[in-house]
J.: 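Questions regarding the structure given below will be posed in turn.
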Amino acid sequence: MSKASATDANVATAPVERQLDWLHTMLQIRFFEDECHRMFAQGLVRGSTHLCQGQEAVVVGACGAVSTVDKMLCTYRGHGAVIAKGAPLDRAFAEILGKADGLCGGKGGSMHLTDMTVGAVGSFAIVGGHLPIALGVALESQYNDRQEVTLCFFGDGSTNIGAFHEALNMASVWKLPVIFVCENNLYGEYSPLGTTTPIERLSTRAEAYGMPGLTIDGNDVEGVWRTVSEYAARARAGDGPVLIEALTYRQKGHSRSDPAKYRPSGELEAWLERDPITLLEAKLERLGVDRGRLDDMRSAAEHEVLDALERARSWDDPSPEQLEEDVYA
Amino acid sequence: MSKASATDANVATAPVERQLDWLHTMLQIRFFEDECHRMFAQGLVRGSTHLCQGQEAVVVGACGAVSTVDKMLCTYRGHGAVIAKGAPLDRAFAEILGKADGLCGGKGGSMHLTDMTVGAVGSFAIVGGHLPIALGVALESQYNDRQEVTLCFFGDGSTNIGAFHEALNMASVWKLPVIFVCENNLYGEYSPLGTTTPIERLSTRAEAYGMPGLTIDGNDVEGVWRTVSEYAARARAGDGPVLIEALTYRQKGHSRSDPAKYRPSGELEAWLERDPITLLEAKLERLGVDRGRLDDMRSAAEHEVLDALERARSWDDPSPEQLEEDVYA
Amino acid sequence: MSTVTFREALIRAMADALEEDERVFLFGEDVAAAGGSFKLTEGLLERFGPKRVRDTPISEQAIIGTAIGAAVMGLRPLAEIMFADFAAVCFDGIANEIPKYRYMTGGQVSMPITIRMCNGAGGGFGAQHSQSVENWFLNVPGLKLVVPATPADAYGLLRSAIRDPDPVLFFEHKALFNLKGELPDVPELVALGRAEVVRHGEHVTLVATQMMRHRALEAAEELAAAGVDAEVIDPRTLVPLDLETIAASVDRTGRLVVVQECPNSGSWGATLVARLVGERLEHFDAPPMLVGAVDTPIPYSGALEELWLPSVPRIVEQVKRTVSY
Amino acid sequence: MSTVTFREALIRAMADALEEDERVFLFGEDVAAAGGSFKLTEGLLERFGPKRVRDTPISEQAIIGTAIGAAVMGLRPLAEIMFADFAAVCFDGIANEIPKYRYMTGGQVSMPITIRMCNGAGGGFGAQHSQSVENWFLNVPGLKLVVPATPADAYGLLRSAIRDPDPVLFFEHKALFNLKGELPDVPELVALGRAEVVRHGEHVTLVATQMMRHRALEAAEELAAAGVDAEVIDPRTLVPLDLETIAASVDRTGRLVVVQECPNSGSWGATLVARLVGERLEHFDAPPMLVGAVDTPIPYSGALEELWLPSVPRIVEQVKRTVSY
Ligand SMILES: Cc1ncc(C[n+]2csc(CCOP(=O)(O)OP(=O)(O)O)c2C)c(N)n1
Ligand SMILES: Cc1ncc(C[n+]2csc(CCOP(=O)(O)OP(=O)(O)O)c2C)c(N)n1
Ligand SMILES: [Mg+2]
Ligand SMILES: [Mg+2]
């Protein structure tokens with residue numbers, strides 16, 4: 001599935017403890033979004049929400065390959081990415097609930113979770129809009145001679161918008177340290193990729209920009225981690241950006257109102273068998289971790305999520321004065 | 001220089017009379033722009049002007065490969081394209097002079113020559129802006145089952161703007177009969193291609209859209225004609241668009257105010273030796289046309305241009321009532 | 001006569017237009033197979049087939065460009081830009097090409113394009129999915145701007161927009177999709193440029209569109225109880241604007257309050273006020289007032305979003321101040 | 001004190017800003033090696049090197065995106081969008097991202113971006129290279145809009161814009177590049193949000209920016225000969241707007257004429273009038289008037305373009321009508 005990687009000779013294996021960390025984060029994300037789903041169904045929160053269930057390995061593997069000082073930009077389907085980058089669960093919930101102590105003071109919402117303190121520079125809801133922004137984030141570290149990288153997540157459907165093209169081209173010209181990660185979950189809203197895009201492998205678009213492009217299994221967290229680690233090292237060394245297409249699957253509908261009836265029968269089931277959490281648990285068992293420890297981790301993660309939600313729900317709404325704050329500095 | 005063409009087995013040669021027609025049009029364009037240059041220098045016309053001198057073979061070869069019912073869109077550097085498509089010289093001059101009987105009633109100007117009666121659907125001055133428009137023009141013929149094609153010219157620098165990407169992708173998805181012709185004249189304004197574009201051959205960008213892409217000699221009018229003919233036939237047959245990169249050279253500066261000092265020394269001289277008119281004249285001599293006939297054609301073309309200009313200059317400015325006309329239908 | 005939702009009225013209008021004129025085709029992101037992100041195009045693919053009803057990639061510039069090229073060649077494109085805020089990613093086509101093409105070519109082409117888009121706040125969609133972007137286009141001559149508030153207007157104005165030889169931006173307010181209203185069995189077209197006097201009154205003229213029309217009407221009923229008799233006018237189209245109907249009302253009441261779902265700077269209300277005072281200053285017995293949103297982006301939190309939007313109490317309060325001026 | 005052109009003042013301001021603050025960097029199409037399409041950045045690459053002064057591909061969305069990301073991380077991007085009309089191809093970044101980012105993140109970031117762009121008509125550049133696009137942004141809270149008319153203001157306002165922690169759109173009028181004026185050897189900064197009373201007068205207040213300020217002043221001199229004493233005010237920045245200075249003048253003269261290089265619908269002048277009449281209707285002795293362009297795209301032909309632009313005679317005529325009202 002994957003093309004030759006940057007440093008094939010030197011394929012790392014992640015230590016088990018590290019893989020357990022990933023599992024923990026993936027479980028937190030999964031439970032976090034279960035609660036989001038429930039809150040929306042109950043009418044507790046408004047607007048729209050876009051779950052990344054099934055895609056957790058991409059963001060956890062990629063964010064796991066970089067550090068807190070590195071930066072990350074993602075989409076409205078970004079709960080997972082922002083949590084993987086280190087944002088606190090309670091303030092993330094609080095933001096979705098529109099609370100004053102939400103990550104963005106309740107002004108952003110589900111589609112715009114941002115936590116600058118952990119390098120989660122923004123979640124963006126205008127398709128493609130953040131790819132050019134990633135350039136500036138990466139430029140700042142290049143400008144100030146810090147060897148940081150910028151992760152930039154986006155969907156398969158987003159590769160057809162103009163901003164994608166301009167961003168990848170200029171990132172390449174300026175050799176900016178951006179890791180472009182395309183989360184190819186087969187659909188853009190309700191449209192299967194094949195109806196909107198005349199090529200099979202999105203990673204081939206990298207050639208148009210003279211940058212490496214590769215396609216990997218997005219449900220294999222270790223594989224994602226390994227690839228991003230390699231290209232992050234390359235970017236830190238000044239050799240510029242990469243386009244990584246991570247093949248994965250959106251287990252839920254596009255947004256809360258979508259029952260996803262357009263899926264061919266059997267497709268969901270096949271992908272559920274390749275659920276990234278199931279895959280990782282099975283692998284860890286093979287590596288000798290016993291089932292009990294995995295079960296404990298699962299219930300710990302669930303409790304952390306439920307506790308965080310309870311805290312968040314007890315917090316206050318923004319006060320009226322906050323309406324006019326934060327427009328100008 | 002060129003990749004495999006669509007129908008290599010079947011390489012046509014153009015009859016000499018046809019080639020003489022091309023020469024005639026190329027000479028008209030050359031003289032037309034000599035006069036534009038002069039008028040700007042004399043302050044007779046305003047705004048800006050962008051000459052295509054040195055690039056005449058691209059537009060004459062391409063427009064020569066299609067018919068009047070086919071459509072054409074070009075850029076602000078479009079005098080040549082519009083004349084090649086069949087617009088009258090006098091009304092083209094009149095437009096540049098801002099006259100009431102200019103092609104656009106004096107409301108468009110040098111950058112926006114349009115003559116719907118000959119399929120010159122527009123000249124566009126916002127880089128990339130017309131590529132999406134070409135889709136709609138082509139769609140109409142597809143929609144109404146006419147086997148027409150749409151020629152769409154643009155520069156090398158324009159391949160870095162978002163509209164390029166969206167247009168080529170959707171043209172491919174919908175298999176629209178568009179011939180995308182990139183006039184690669186080595187510069188976008190004052191920037192050499194290599195400083196803005198991280199790849200050598202722009203035609204490789206076609207792969208990102210699943211369409212054929214090829215690079216040809218843009219100073220060989222017959223070669224351009226042959227390639228466009230082949231791909232126009234393919235498009236008429238319903239097989240969709242193509243990206244043709246025509247290598248050529250802008251003999252003048254970007255616009256009237258540009259002395260083009262940024263050129264490496266010797267570059268202009270080398271390209272002047274490959275001037276498309278000189279090349280075609282030499283070839284016709286080899287094919288047996290005698291020099292006298294070529295000289296006659298040259299002075300005929302010059303006189304046609306000068307006569308047209310004289311007519312245009314005698315025409316009236318728009319009247320004040322025309323200011324508020326043509327906003328709504 | 002039957003009761004339909006705003007959504008049903010829109011679908012009916014599109015179906016009737018597609019039926020009436022072979023040159024009309026509908027396209028946009030997920031408008032065909034999925035029946036639209038807001039289910040505003042449901043059933044149209046099934047009924048008219050894939051030539052007339054088309055899905056596109058996520059490529060708004062390509063969508064608008066396609067509309068332009070097709071219109072120039074004589075088709076009647078009906079394009080959807082899902083959220084009106086996304087007009088920003090194809091703004092060049094909408095502001096620089098569409099409204100100028102006819103003019104710049106000296107009238108060689110016409111531009112019978114309709115672009116439907118969903119505007120409006122109140123749903124918790126946040127700063128980039130809730131704007132009243134019709135205001136972005138006020139300074140761009142050559143576009144018509146349509147802002148319906150009821151199912152009958154949605155139907156009648158959309159039909160007129162599609163038949164119109166000029167480009168029309170047609171705004172569908174997200175808060176109104178499920179609003180019910182009457183539609184005749186053979187529904188009527190509503191001409192562009194004709195305001196509706198929604199409520200007759202003597203003391204003050206309220207002007208409002210879309211969701212704010214309904215709030216203004218609610219305010220007027222409350223005010224009636226307090227003895228203030230407000231006239232409520234819905235312009236229905238901002239360009240062309242039926243200044244005569246509004247001016248005639250103001251000449252009678254001497255008082256004007258515009259209610260609008262946007263900051264006041266650069267708003268259609270400001271333009272309306274400037275035009276009216278320029279022509280008929282002496283008819284005003286009180287300063288003409290704008291009840292708009294505060295000068296901030298639209299907040300996500302429900303608590304703040306309701307404060308951002310002009311509310312019925314704020315309208316009532318302003319009208320009381322204006323009539324007692 | 002020395003005499004400089006508007007162009008020289010701009011170059012000086014950029015050089016001083018680059019000198020003063022390492023975080024400032026200048027970028028755009030052909031701003032570095034070529035010194036700018038209008039020669040507005042000449043010599044800066046040579047002086048500050050390729051890290052601080054950068055050429056970009058023809059990719060306005062990438063330019064604006066780069067500005068946003070760099071600003072969020074603490075740099076002070078100074079971006080050039082060649083013709084202001086091209087703001088349309090990166091409108092999403094300018095209208096949806098820049099002015100909302102701080103708000104949507106609850107104040108986690110600031111946005112110290114300056115975007116320079118050339119606006120204005122009169123040069124025969126046609127409908128898509130001549131617009132006063134500052135009007136497109138009036139309804140977008142979160143942006144500051146700067147419109148200088150003299151070399152000293154160009155210098156002083158550009159320095160203030162670059163130092164400002166908020167995003168500023170800085171408009172450079174093409175007709176003014178060669179305008180000469182005085183600049184002190186150590187030139188002063190001009191604060192954003194402070195109008196200049198360019199000419200004192202008693203009978204009527206004229207408000208105008210950029211090229212129209214100069215035409216208004218010319219009109220005022222002509223009017224003086226006819227016994228009409230006009231005050232001329234240049235707001236210099238449209239956001240923030242120095243309403244106090246203008247209001248104080250109108251309270252004195254009782255008469256207002258706004259002169260603007262754009263259609264009146266959706267214009268800054270309309271916003272100004274709506275705000276003033278809302279607050280101080282009783283101070284007006286005559287209807288406040290807008291002298292703007294007709295509601296058409298900008299024609300290429302010189303004969304028509306001069307008609308499109310507000311001319312000195314048209315200003316004089318309107319002022320005479322207003323003072324004799
Ligand atoms: C410019 C723009 N156009 C359309 C939309 C509406 N929209 C939101 S998500 C989406 C699909 C994006 O698909 P993809 O990039 O594959 O991401 P995914 O949702 O699958 O993660 C669309 C069309 C938008 N937000 N922005
Ligand atoms: C969107 C946009 N950005 C910038 C410009 C200014 N501009 C006009 S021509 C040009 C260079 C275009 O280069 P290329 O596409 O190679 O065409 P050429 O002029 O060489 O024919 C630029 C940057 C523009 N017109 N539109
Ligand atoms: Mg997807
Ligand atoms: Mg070029």
Side-chain angles (χ1 to χ4, degrees), chain A residues 71 73 95 100-109 111-117 120-126 128-144 148 150 161-174 176 178 318 322 324-329, chain D residues 22-25 27 50-52 54-77 79 89-93 95-113 140-144 164-168 192 239-240:
Chain A
K71 307 298 180 288
L73 297 85
E95 185 59 31
D101 284 333
L103 288 172
C104 305
K107 288 175 173 162
M111 300 199 290
H112 300 296
L113 302 181
T114 301
D115 185 352
M116 294 297 289
T117 63
V121 172
S123 304
F124 297 82
I126 293 183
H130 59 302
L131 280 76
I133 298 177
L135 271 54
V137 173
L139 176 68
E140 187 274 337
S141 70
Q142 189 191 67
Y143 193 94
N144 286 324
E148 294 168 9
T150 298
I161 200 152
F164 165 87
H165 181 70
E166 296 192 12
L168 269 76
N169 184 66
M170 197 158 111
S172 179
V173 174
W174 285 4
L176 294 173
V178 185
Q322 293 179 292
E324 300 197 43
E325 291 170 3
D326 303 325
V327 181
Y328 296 105
Chain D
E22 271 289 337
R23 298 170 303 174
V24 176
F25 68 106
F27 62 117
K51 176 181 160 189
R52 311 283 306 283
R54 295 165 175 253
D55 282 325
T56 70
I58 309 176
S59 305
E60 281 82 3
Q61 295 188 65
I63 293 172
I64 296 301
T66 297
I68 298 170
V72 160
M73 298 313 302
L75 295 182
R76 302 200 151 243
V89 300
C90 48
F91 196 86
D92 185 57
N96 280 335
E97 300 294 350
I98 290 180
K100 300 177 172 66
Y101 205 140
R102 179 176 172 79
Y103 193 79
M104 288 169 64
T105 60
Q108 291 182 65
V109 303
S110 65
M111 202 52 76
I113 295 174
V140 182
L143 298 171
K144 297 181 177 175
D164 201 88
D166 295 315
V168 177
L192 307 185
V239 180

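Any value given below was found using the heavy atoms of this structure, including those in side chains, with hydrogens, waters and symmetry copies removed. So that the names make sense, note that chain A is the first sequence line, chain B the second, and so on, each numbered from 1.
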J.: Who among A:Gly105, A:Ala167, A:Ala163, A:Gly109 has the most heavy-atom pairs with chain D under 4.5 Å?
T.: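 Highest number of pairs under 4.5 Å: A:Ala163.
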
J.: In terms of heavy-atom proximity below 4.5 Å to chain A, should D:Thr105 be classed as side chain, backbone, both, or neither?
T.: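 Both backbone and side chain of D:Thr105 come within 4.5 Å of chain A.
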
J.: Atom CD1 of D:Ile68 and atom CD1 of D:Ile98: how far apart are they, to the nearest 0.5 Å?
T.: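 Here the interatomic distance stands at 4.5 Å.
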
J.: Side chain, backbone, both or neither: which part of D:Val109 has an atom under 4.5 Å from a heavy atom of chain A?
T.: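 The side chain, not the backbone.
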
J.: Hey, which of A:Val121, A:Leu113, A:Val137, A:Leu135 has the most heavy atom pairs under 4.5 Å with chain D?
T.: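 Of A:Val121, A:Leu113, A:Val137, A:Leu135, A:Val137 has the most heavy-atom pairs under 4.5 Å with chain D.
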
J.: Below 4.5 Å, heavy-atom pairs only: which of D:Ala67, D:Pro57, D:Pro165, D:Pro141 has the largest tally toward chain A?
T.: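 Going by pairs under 4.5 Å, I would pick D:Pro57.
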
J.: Would you call D:Lys100 and D:Val140 a side-chain contact if the rule is heavy atoms closer than 4.5 Å?
T.: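 Side chain of D:Lys100 against side chain of D:Val140, heavy atoms only: contact under 4.5 Å found.
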
J.: Among A:Lys71, A:Lys107, A:Glu166, A:Glu140, single out the residue with the greatest number of heavy-atom pairs under 4.5 Å to chain D.
T.: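 Answer, by heavy-atom pair count under 4.5 Å with chain D: A:Glu166.
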
J.: Which of the residues D:Arg54, D:Arg23, D:Glu60, D:Met111 is involved in the greatest number of heavy-atom pairs with chain A at under 4.5 angstrom?
T.: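 Greatest number of close heavy-atom pairs with chain A: D:Arg54.
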
J.: Taking C-beta and beyond as the side chain, do A:Trp174 and D:Thr56 meet within less than 4.5 Å on heavy atoms?
T.: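 Side chain of A:Trp174 against side chain of D:Thr56, heavy atoms only: contact under 4.5 Å found.
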
J.: Can you find a heavy atom in the side chain of D:Gln108 that is under 4.5 Å from one in the side chain of A:Cys104?
T.: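 Yes, side chains in contact.
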
J.: Under 4.5 Å, counting heavy-atom pairs only, tell me which of D:Leu143, D:Val89, D:Ile63 racks up the most with chain A.
T.: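 If we count pairs closer than 4.5 Å to chain A, D:Leu143 comes out on top.
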
J.: Just so I know, are the side chains of A:Val327 and D:Arg102 near enough to count as touching, which here means a heavy-atom distance under 4.5 Å?
T.: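 Answer no - side chains too far apart.
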
J.: Tell me, for A:Glu325 versus chain D, whether the close heavy atoms (under 4.5 Å) come from the side chain, the backbone, both or neither.
T.: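 Contact with chain D: backbone only.
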
J.: Within this structure, what is the CG-OG1 distance for the pair A:Leu176 and A:Thr150, rounded to the nearest 0.5 Å?
T.: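 The OG1 atom of A:Thr150 is 8.5 Å from CG of A:Leu176, to the nearest 0.5 Å.
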
J.: Would you please classify the geometry between the D:Phe25 ring and the A:Tyr143 ring as parallel, tilted or perpendicular, with 30° and 60° separating the classes?
T.: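 Judged by the thresholds at 30° and 60°, the geometry between A:Tyr143 and D:Phe25 is tilted.
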
